[in-house]
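Atoms within each ligand, like the ligands themselves, are counted from 1 in listed order. Just so we're clear, the structure is a prediction, and the values are computed from it rather than from any experiment.
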Amino acid sequence: MKNIQRIGIMTSGGDCPGLNAVIRAVAKAAMGSHNLEVMGIEDGFLGLIQNRMRMLDNKSVSNILTLGGTILGTNNKVSPRQYTVKINDRIETRDVTDRCLEHIAHNHLDALVVIGGDGSMAIAADFVRLGVNCIGVPKTIDNDLYGTDVTFGFATAVSVATDALDRIHTTAASHHRVMIVEVMGRNSGWIALHSGIASGADVILIPEIPFDVKIICDYITYRARHGKRFSIVCVSEGAIPVGGKPVVDRVDPTSPDPIRLGGIGQVLAEQVEGATGIETRTVKLGHVQRGGTPVPADRVLATEFGFKAIEILCAGERSRLVVMKGRTVTHIPLEEAEGKQRLVPPDDPLILAARNIGTCFGD
Ligand code: F6P
């Protein structure tokens, strides 16, 4: 096995709080404890395609632990197998994987640390099959990466959503309104479930449990008749009515994963107001959940994950995904996570607990 001397690191996919904390941990452990060189690849796989990377040093990763976003930049629209180029008004798709392999060889990168979610891990798994040693570090506010109990970024997103729901609570109570707060999560309901429970939301709607709007309205009306003249609904952007489809906010034809969800809160607000007669407003939290300073739990997790990535790489491991199992940071084959999503099981203990304290899931 070739001795590892230089690694590349990238942040790929949608950003989330804690990315810089991982970059810092990886770079400090690699440079400080193992004398490795670390190249920062800019804007995820786009930087690899375009050969944009720079050498990191202690100074460049100092003072970034608490910083939101990513000093390397990121991209959630690029896949080397389906790289889209615009020619006049036409969009053409090309396979530029070979170009990436050339850039890896040209820059003498002995391994890649890919900090990303499911889409990025699928790309990394492809490179693994082509002989590139990739170590994955699981990130996403959605917490939906298969193989790990938790991803960094999730705790911060839950904290932001909970804070928003708490604030909405007081104004909803003052005005005797129904307030619907739409949170992110794509096809998984982890953010809605956790922030909904943390803030005592009356209704929590997640993609894994299709809802019946009549059940929601009956519940809100029942509450109103029993003196609770306001209700809080926490809805995941991917929530779907029974037999229905998710609400799509935009379609990006340049992205291999082109659907962006959003808008279910507004659709629901109109239906609830119409059926209950109670004024119903909606707030879409959007990207505020992804920005800003990571909470301490995410800084700790990011540091553990980053350190582990370098530890296993230097121990000779190849093509692994760093994961959290129970309270232990460990690793699994990177390809194990490919093409899978970790959804909320409908019998998750949290759902059981919430149901038993009266939370409505719309079913
Ligand atoms: O995967 C993270 C996430 O924030 C999802 O919750 C959301 O559906 C999506 O990214 C939004 O992506 P974009 O930033 O491209 O709108």
Report task. Before accepting this row, confirm whether a basic side-chain N of the pair Arg355/Asp363 lies closer than 4.0 Å to the acidic partner's carboxylate O. Result -> yes
Under 3.5 Å, which donor-acceptor pairs do the side chains of residues 238-245 form with other protein atoms, sequence neighbours left out?
none

Just list the side-chain donor-acceptor pairs under 3.5 Å for residues 302-309, sequence neighbours left out, or say none.
unit_1: Thr303; atom_1: OG1; unit_2: Arg299; atom_2: O; d: 2.7
unit_1: Lys308; atom_1: NZ; unit_2: Glu311; atom_2: OE1; d: 3.3

Query raised in the report: In terms of side-chain heavy atoms, does Gln5 have a donor or acceptor partner in Asp110 at a distance below 3.5 Å?
Result: no
Requested in this report: Could you tell me whether Arg81 and Asp95 make a salt bridge, using a distance below 4.0 angstrom between a side-chain N and a carboxylate O?
Outcome: yes
Query raised in the report: Name the residues in contact with ligand 1, where contact means a heavy atom under 4.0 Å away: which are they?
Result: Asn76, Ile141, Asp142, Met184, Gly185, Arg186, Glu237, Arg260, His287, Arg290
Please report, to 0.1 Å, the donor-acceptor pairs under 3.5 Å made by any side chain of residues 58-67, with sequence neighbours excluded.
unit_1: Ser60; atom_1: OG; unit_2: Asp57; atom_2: N; d: 2.8
unit_1: Ser60; atom_1: OG; unit_2: Asp57; atom_2: O; d: 2.8
unit_1: Ser60; atom_1: OG; unit_2: Asp57; atom_2: OD1; d: 3.0

